[in-house]
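Reviewing the structure listed below.
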2 protein chains.
Amino acid sequence: MVRRPALRDHIAAGILDTAAAVLAERGESVSMADIAQAAGVGRATLYRYFPTREALLLGLTRAAFEELSGRIAAAELDAVPLREGLARAARAFIAAGSRYAAVVHVGKTYVEDPAEFDRAVAEPVRALIRRGVADRDLRADVPAEVLFEMFTALLERSLRLVDAGRLGVEQAGAVVTTTFLDGVAPR
Amino acid sequence: MVRRPALRDHIAAGILDTAAAVLAERGESVSMADIAQAAGVGRATLYRYFPTREALLLGLTRAAFEELSGRIAAAELDAVPLREGLARAARAFIAAGSRYAAVVHVGKTYVEDPAEFDRAVAEPVRALIRRGVADRDLRADVPAEVLFEMFTALLERSLRLVDAGRLGVEQAGAVVTTTFLDGVAPR
DNA sequence: TAGTGATGAGACATCGATATCTCAACATGA
DNA sequence: TCATGTTGAGATATCGATGTCTCATCACTA
């Protein structure tokens, strides 16, 4: 049985998806045995695809980076008004789902190139917020960095609610954007 | 040297404070050796005060519960307007500092009585938000549970910024309350 | 100063997780 | 059917962390 490389890649991707879901749900403490069981493969097989735990985490963050950087680039955040940009950014992260959630859990320990990750994923959102402050579309009494942290805080919590089935994908993006910009008190 | 029980308790409290700070900063993966070193005591001494890791985590969540439940009770959230209540709740959690942050990191795994913790700490805030929705002081197009999650998301992120020295204690409470209620776009 | 008790350092056993290896069973293609 | 290659299960070595123990040292007190 000369299994095609494509099939092998497909299986590896499936394992990564499962690993992302398990990591996002139960945190970094999940073992290789846990991941193998969740993915429905033997532990030895898991090691054939990812020779070390580190390799698996690197593959995971790599997949998240590729998904997120692509979506953020496609969102063209610098070409649309602030509100639309924030909505697009929120949808991009929420669409990445547990891939991004897993990276948040694990931290940037296993990101291959943290500077590149920051440049392609976080920085466009930061730039959008800085522009909002400069255009007086955002409060200037709080540093733009703090506004960025508040936005990602809402985003990450919404993502967890989506994964837990407590919030729809469509709603999540809207809740994040409107809460961030307008707050939850009726105007 | 017949050391007084009071002194022993004081040392134990100091160890818990250090453990809370280390856990809040580096997550649940910190070892007993890490905590002992951070607290400036020998590893054997640490085990004399807390015979197991579980005992230490239990002591930690217990201290956080006592601090938080006291502050929440004193805040009398049901006796003040919504905005003031949210501000008081935010200040209560921020004042607890790394004690609360550590519990967030560890989860409720080591909370002695999760139901009691919820009743005395989370539920008063939930009730405040439900009242806000009922009084039409808060948006009704999103479940109160989701509003609660957004509030705690902002709160926990602000707490981390305070611990990291990127936000002042006074500012943090104001940022959480105003962002949650009014958003960050100028009205 | 002598005695009591706490401390820190280090040795040690144990446990769980990572990582490696072998082997029997199985699926696919010739 | 046969050969090839993949898989799962289990045995094993290794490693780090937990938890236990001893002992020399030190601080405080009588």
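The chains referred to below are lettered A, B, ... by the order of the sequence lines, with proteins before strands, and numbering in each begins at 1. Since this is a predicted model, take the numbers as computed values, not measurements.
To the nearest angstrom, P of C:dA6 lies 18 Å from NE2 of B:H10. Across the protein-nucleic acid pair, A:L57 atom CG and C:dA19 atom P stand 10 Å apart, rounded to whole Å. A straight line from CG of A:L46 to P of D:dT7 spans 11 Å, rounded to a whole angstrom. The interatomic distance linking B:R8 (CZ) with C:dG5 (C1') rounds to 12 Å, in whole Å. C:dG10 atom P lies 13 Å from atom CD of B:Q37, rounded to whole Å.
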List the atom pairs, donor and acceptor, that lie under 3.5 Å between side-chain atoms in residues 89-103 of chain B and the rest of the protein, sequence neighbours left out.
residue: B:R99; atom: NH1; partner: B:E67; partner atom: OE1; Å: 3.0
residue: B:R99; atom: NH2; partner: B:D17; partner atom: OD1; Å: 3.1
residue: B:Y100; atom: OH; partner: B:E156; partner atom: OE2; Å: 3.0

Side-chain donor-acceptor distances from residues 58-66 of chain B under 3.5 Å, at least two apart:
residue: B:T61; atom: OG1; partner: B:L57; partner atom: O; Å: 3.2
residue: B:T61; atom: OG1; partner: B:L58; partner atom: O; Å: 3.0
residue: B:T61; atom: OG1; partner: B:Y110; partner atom: O; Å: 2.8
residue: B:R62; atom: NH1; partner: B:E112; partner atom: OE1; Å: 3.2

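Identified under the salt bridge (charged side-chain N to carboxylate O under 4.0 Å, His left out) test for residues 73-82 of chain A, with sequence neighbours left out: none. Annotation: salt bridge (charged side-chain N to carboxylate O under 4.0 Å, His left out) contacts involving residues 27-49 of chain B, sequence neighbours excluded, comprise B:R26-B:D34.
Legend: residues meeting salt bridge (Lys or Arg N to Asp or Glu O under 4.0 Å) with B:E116, ordered by chain and number and at least two apart, are B:R119.
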Report summary line: Going 5' to 3' through nucleotides 16-23 of chain D and flagging B where a protein heavy-atom sits under 4.0 Å of the base, S where only the sugar-phosphate is that close, and - otherwise, we get -SBBBBB-
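The existence of a salt bridge linking B:E25 and B:R160 is excluded, since no basic side-chain nitrogen approaches an acidic carboxylate oxygen closer than 4.0 Å.
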